[in-house]
Every structure is written in C-alpha cells, then in structure tokens.
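Structure first, commentary second.
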Amino acid sequence: MPHETTWETHGICQKFRETLSSPELLAALGEIQGDPRIKSLRYVIRDFRAVDVVDLGIKPLLEGRAWIAAMTDRLPDIVFAVITTSPELIALMKAASSYGLDACPFAIFPNEEEARAWIAGFEAMRR
C-alpha cells in the first residue's frame with residue numbers, strides 16, 4: 001500500500017510514497033471516513049514528500065474537497081495541512097482551492113514542523 005495512516009490523539013497523519021494516484025488518494029480519505037475515531041478528529045496531515053510520481057488530475061482533489069465539506073458539519077474544527085515541495089502537486093492543490101470548495105482551513109507546508117506549528121495555532125485558539 002503506497003500510503004500509511006497513523007491516528008494521533010486528535011488527528012491523523014497520512015504519509016504517501018511512490019506513485020500518487022486518484023484511487024489511492026480517495027482510498028486514504030475512505031479510511032478516515034470509515035473509522036469510529038473520526039469523531040475526535042481535529043486535523044489531518046497529508047505528507048506527500050516521498051511521492052515520486054503524481055498521476056492524478058484536479059478531479060480527485062475536488063472530490064476530496066467535497067468530502068471534507070460534507071464532514072465539516074460533524075467536524076467543525078477540522079483543519080487540513082499538506083506537506084510537499086513538489087511544484088506539480090503544489091500547483092494542483094492551489095488549483096483545487098481556487099474553486100472555492102475549501103470548507104475548512106487548508107494550507108501547504110514544506111515540512112512537518114511548520115505544518116504542526118500551524119495546527120498548534122488552531123489548537124491554542126480552541127482553549
């Protein structure tokens with residue numbers, strides 16, 4: 001399986017590797033949706049730094065945004081952080097965001113430390 005999902009106290013970290021494809025991206029979202037721990041979810045980190053080949057278009061990214069929008073009713077505090085330095089993937093993510101479907105805070109970072117610091121800022125506001 002080209003991705004690994006690690007559940008944390010109030011979030012998850014999904015690390016992708018090798019080839020990033022539409023079925024893989026959507027299957028990773030399905031893992032989240034089907035897990036009973038979703039009720040405590042406040043953040044999702046999707047780490048694409050180990051991806052060698054990006055084999056997807058904008059459609060699965062928009063489908064993911066629609067899924068997230070549907071989930072924000074049940075998870076109003078959720079935030080999404082993406083970790084990548086791939087110009088191709090950054091361009092795809094920004095193009096998907098340009099459709100105005102982001103129902104929660106979403107940001108792209110070059111490393112995990114910056115992503116977690118951004119998430120920590122939201123956690124601090126919740127206290």
For this session: Check the pair Ser22, Lys59 against side-chain contact (heavy atoms from CB on, under 4.5 Å), reporting the backbone distance first and the verdict last.
Result: CA-CA 8 Å; Ser22 299; Lys59 184 180 177 197; over 6 Å; no
Exercise. Can Met93 and Ser86 be said to form a side-chain contact (heavy atoms from CB on, under 4.5 Å), step by step?
Worked result: CA-CA 11 Å; Met93 295 284 177; Ser86 162; over 6 Å; no
Problem set entry | CA sep, side-chain torsions, deciding dist, call: Phe122, Asp77, side-chain contact (heavy atoms from CB on, under 4.5 Å) | CA-CA 9 Å; Phe122 286 96; Asp77 295 329; over 6 Å; no
For this session: I would like to know whether Ser97 and Asp102 meet side-chain hydrogen bond (donor to acceptor under 3.5 Å, both in side chains); could you show each step before the answer?
Result: CA-CA 6 Å; Ser97 288; Asp102 291 344; 2.8 Å; yes
For this session: Show your working on side-chain contact (heavy atoms from CB on, under 4.5 Å) between Leu20 and Leu89 and close with a plain yes or no.
Result: CA-CA 10 Å; Leu20 180 62; Leu89 198 48; 4.0 Å; yes
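Taking OG1 of Thr19 as the reference point, atom CZ of Arg17 lies at 11.5 Å (rounded to 0.5 Å). Atom CD in Gln33 sits 11.5 Å away from atom CG in Leu41 (nearest 0.5 Å). The distance from the CD atom of Glu31 to the CD atom of Gln14 is 6.0 Å, given to the nearest 0.5 Å. In this structure, CZ on Arg46 lies 4.5 Å from CG on Leu29, to the nearest 0.5 angstrom. With rounding to the nearest 0.5 Å, the separation of CD1 in Ile90 from CD1 in Ile108 is 6.0 Å. One finds the CD1 atom of Ile119 at 4.0 Å from the CD1 atom of Ile45 (value rounded to the nearest 0.5 Å).
In this structure, Glu24 and Pro60 have side chains that are not in contact, with every pair of non-hydrogen atoms separated by 4.5 Å or more. The side-chain heavy atoms of Ile32 and Ile12, taken from C-beta on, include a pair separated by under 4.5 Å.
Residues passing the side-chain contact (heavy atoms from CB on, under 4.5 Å) test with Arg42 are His10, Glu123, Arg126, sequence neighbours excluded. For Glu18, there are no salt bridge (Lys or Arg N to Asp or Glu O under 4.0 Å) partners, not counting sequence neighbours.
Of all heavy-atom pairs between Arg49 and Pro110, the closest is CD-O, 3.9 Å. The heavy-atom pair separating Thr6 from Glu4 by the smallest distance is OG1-OE2, 3.6 Å. Contact record, Ala95 with Ile58: CB-CD1, 3.4 Å, taken as the closest heavy-atom pair.
Every pair passing ring pair (Phe, Tyr, Trp, His ring centres under 6.0 Å) that includes a residue from residues 86-112 is listed here, sequence neighbours excluded: Phe109-Trp118.
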